[in-house]
Structures are given as C-alpha cells and as structure tokens.
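Remarks on the structure that follows.
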Amino acid sequence: MSKKTLWSGRFSEAPHGLARSFSASVDIDKALAMEDIRGSAAHVKMLAGRGIIPKKDAARIQKALSEVKAEIEKGGFPFRDEYEDIHMNIEKRVIEKAGPAGGMIHTARSRNDQVVLDERLYLKSQTALILDGIAVLCDRIVSLAEDCFGAVMPLYTHLQRAQPVLVSHHLLAYFEMLKRDRGRFEDCLKRMDSNPLGVCAGAGTSFPIDRKMTARLLGFSSVTENSIDTVSDRDFMTEFVFCSAALTGHLGRLSEELVLWSSEEFGFVDLGDAFTTGSSIMPQKRNPDIAELARAKGARVTGNLVSLLTLMKGLPLSYNRDMQEDKQPVFDTARTVAGTLAVMSEMLAGCRFNTGKMRESLSGGFVTATDLADYLARRGEPFRSAHEIAGKAVAHAEKKGKDISELSLSELRKFSGRIGEDVYDAVSIEGSVKSRNSQGGTAPSQVGKMLRKARRQISKWGC
Ligand code: ARG
C-alpha cells in the first residue's frame with residue numbers, strides 16, 4: 001500500500017497493517033450499503049436545495065451514487081479494507097466517479113451522524129418485517145385454535161396435570177404473548193423513527209441545512225432534538241434487541257411445548273416429516289430438531305442484548321469507536337428473529353394435534369379435584385375446609401383405583417353431607433371446563449370471545 005493515508009492532511013504515515021485490519025468494519029457494515037446510499041442521496045438533495053452546494057455538482061454526485069448502487073447490486077463494487085467502513089468506501093467511489101466535486105457529498109455531515117442514520121433506516125425496515133412476521137405467526141396460531149375449538153387438554157402447573165382447559169385457550173395464551181411482543185416492537189419503532197442526519201460530528205453545523213427536509217425525504221416522522229445525544233445514543237438498537245429477546249423467549253416456550261408434546265410420552269402433536277429429522281443411528285427416531293433450534297435462538301439473542309448493554313455502559317459522551325461494535329449483535333438479532341418467525345409459522349401450519357390423546361391424558365390425574373372443592377364452597381363450605389375434604393376424597397379414590405367421578409354418591413357423601421347428585425356434572429371434564437366462565441377463563445363462551453377478538457386483531461394487522 002502507498003504511504004498516502006486515508007486522512008492525508010494531518011497524517012504523514014500510513015496506519016500499521018494490524019491497526020488497519022483491526023479497525024476495518026466494511027466486511028460487516030456493508031450490510032448498510034443501501035441505507036448509506038439512500039441517506040447520501042437525500043443529504044445531497046437537501047444541500048443543493050438550500051444552495052449549500054451547486055446544483056450541477058449535486059447532479060454529478062447523484063449520478064455517481066446511482067452507479068455505485070448498481071455496482072453493489074450486481075456484485076461488482078470494490079469493497080476496500082483500507083477505507084475502513086462502508087461510508088468511506090461509498091464516498092471514495094463517488095469521488096472516483098464524479099471527480100473532486102464528489103467530495104462535496106460530505107459537506108455538513110460526519111460519519112457520526114451518517115452511521116446512526118444508516119442504522120435507524122436499517123432497523124426501521126427490519127422492524128417492519130418482524131411486525132409482519134409476528135402477525136403471520138399469530139394467524140397460524142389462531143387458525144389452529146379455531147380448528148380445535150372444543151377439544152380439551154390438561155393445563156399443567158409444575159409440569160403436573162392441574163386442571164382441564166380448552167386446547168384453543170392454551171394456544172391463545174401464545175397469541176397474547178405475541179401480541180404484547182408486537183406492541184413492544186411498534187413502540188420501539190416510534191423512537192427509532194427520528195432523523196439523526198444533520199447533527200454532524202455532535203455539535204451541529206454552521207451550514208444552513210434543513211433537517212426537516214431530509215426527514216421528509218427519508219420517511220422519518222420527526223427530527224432528533226439534541227445533537228450530542230444523537231451521536232451518542234444507541235438505545236434504539238438496544239431496545240430493538242430487547243424486544244427481540246422477549247420475543248425469542250416466548251418462541252422458546254412454544255418450541256419447548258412442541259418438543260414435549262411431540263414426544264411419545266405426550267403424543268399431543270405430530271410436527272410432520274418436513275420439520276423433524278431422523279437419527280443417523282436409531283432408525284425409529286423422529287427428532288424435533290427445528291423446534292429445539294427455535295428454542296435455542298433465545299440464548300443467542302439474549303447474548304446479543306448483553307453485548308450491547310455492556311458495550312454502551314459507562315461510555316463517555318459522545319461518539320466513541322467502541323460503538324462500531326454495535327452492528328454485529330443487531331444484524332445477527334434481526335436475521336435470527338426473522339428466520340425463527342418464518343420457520344415456526346411454517347411448522348405450525350403443517351402440524352397436527354392429536355386431540356384424542358390430549359383428552360385421554362385427562363383421565364386418572366384427578367384434574368377435577370378443584371371442581372369438587374368449588375362445588376362444596378358453593379354450598380356454603382368455607383374453601384379451606386372444602387379443599388381438605390376434596391383432598392380426602394382424592395386420596396380415597398386413589399386407593400380404590402378410581403376417578404372422583406367413579407365414586408358412588410354414598411361414598412362421596414361420607415366426606416360431606418353437602419354433596420348431592422349434581423356433583424357428577426361438576427366433576428366431569430366438560431362440566432369443569434364449562435363452569436370456568438370468569439372473564440379470560442377456559443369456558444367455551446369465554447374462549448370463543450377471545451378467538452373472535454384475536455381474529456379481529458389479526459385482520460387489523462393486515463393478515
Ligand atoms: N465505522 C464507524 C462506526 O461504525 C463510523 C463512525 C466513525 N466515526 C469516527 N469518528 N471514527 O461506528
């Protein structure tokens with residue numbers, strides 16, 4: 001390499017080869033190339049519009065930018081390490097094409113505002129994709145819930161069978177989680193959606209720029225307030241990764257249930273051949289690898305969140321080169337989340353529930369013991385003693401190898417005189433489910449309402 005340095009005015013010596021390769025980021029931030037070009041085109045348009053640079057030079061720069069864009073799209077752009085990052089790579093190429101006037105592109109701009117601009121533009125479009133991805137997954141979940149409406153399964157607490165619930169009710173719990181996740185991304189989008197361009201290196205500029213104009217050109221709904229904060233801030237990225245960590249955490253719980261439910265022991269769901277794998281040694285096996293990997297992605301995204309929080313913690317204002325390390329965790333997160341949403345949506349579209357097996361697994365677990373206690377409490381027995389009486393009835397039934405509903409009325413009345421013939425309705429699976437008619441409860445009337453509300457929500461999201 002020649003002795004000429006990138007910063008030719010001040011430096012007389014080229015950077016050490018190690019320093020150069022250590023600090024170069026173009027291999028990673030070239031993912032921001034299109035955003036960088038969009039931002040530069042808007043910037044140049046504004047500079048010319050405000051009379052800061054001559055119109056004819058602006059036109060040459062715009063032409064060079066379009067050529068650079070085409071080169072990148074066709075894979076013919078020369079990405080060069082010695083120009084550090086994507087911003088300098090594009091600027092150098094523009095100057096090569098437009099001549100020295102191309103250097104006007106960097107009037108009233110700094111890489112400090114340029115990089116935040118690119119990152120905000122990039123994350124805005126990634127967030128829009130994720131919002132759509134969540135809506136699609138919700139649609140799949142709600143379709144499954146609609147299809148199996150009426151089917152029952154055990155609700156587990158501590159992974160022990162606890163109470164009978166509708167399968168649709170259980171599935172809709174995931175709809176609620178994902179709806180909150182989507183809301184978090186929408187909220188995060190509001191803070192991302194502010195134009196940082198024009199804060200320059202951090203103190204603003206002496207040129208008569210128009211930040212509202214670039215905001216309009218680039219589709220931002222506001223302009224950031226404080227130039228120092230703008231070059232220092234990466235909260236919008238941390239927040240995006242936090243939203244992603246919360247989402248992948250939820251997807252991990254759903255994946256975990258699919259792993260459990262698809263086991264021989266549960267037999268609740270068939271994930272289908274397209275989303276399971278065989279074993280290289282045990283021919284009988286059908287492994288839920290895709291669900292397992294989806295479960296694992298939360299670890300990776302949470303790691304990215306910790307990286308970003310740690311990177312930013314304790315940095316003095318304003319820009320520090322440390323911040324160049326913000327990109328990998330964010331790019332990796334966006335890619336991971338989009339991939340996980342897509343694969344889970346497809347896997348759920350093809351899976352089949354074995355509702356017969358779910359129903360069967362309700363027998364023998366005394367899952368309506370709470371209903372016996374509630375029955376007694378409705379007849380005036382204080383709940384604490386009702387609970388004890390029901391416990392004794394369960395112990396007795398267990399000894400006899402029967403379910404509560406299989407005990408005779410006279411057997412049951414030994415535990416409490418309050419028990420009458422109608423107890424059998426109360427302790428049946430269907431009776432239990434139907435009785436839980438409190439708001440948000442598992443009764444078909446409640447779950448039906450939830451289903452209709454979920455459907456309305458999904459169509460509002462455009463699905
Ligand atoms: N590549 C840098 C980054 O991603 C761009 C900003 C550089 N600014 C600077 N003053 N060195 O953070």
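Just follow the structure's listing: the first ligand is 1, and inside any ligand the first atom is 1.
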Worksheet item: Tell me, which residues have any heavy atom less than 4.0 Å from some atom of ligand 1?
Response: Ser25, Asp85, His87, Arg111, Asn112, Val115, Tyr319, Gln324, Lys327
Worksheet item: Lys55 side chain to Gly49 main-chain N or O, any donor-acceptor pair under 3.5 Å?
Response: no
Practice prompt. Starting at SG of Cys243, measure out to CG of Leu131 and round the result to the nearest 0.5 Å.
Written response: 9.5 Å
Response to the item:
Paired with Arg120, the salt bridge (charged side-chain N to carboxylate O under 4.0 Å, His left out) test is passed by just one of Asp113, Asp233, Asp193, Asp235, namely Asp233
Item to complete: Please determine, by modelled atom types, if Arg211 and Thr224 share a side-chain donor-acceptor pair under 3.5 angstrom.
Response: yes
Discussion item. Tell me whether the rings of Phe240 and Phe185 are parallel (<30°), tilted (30 to 60°) or perpendicular (>60°).
Written reply: perpendicular
Discussion item. Walk me through whether Ile458 and Val142 qualify under side chain to side chain contact (heavy atoms under 4.5 Å, CB included).
Written reply: CA-CA 9 Å; Ile458 291 170; Val142 171; 3.5 Å; yes
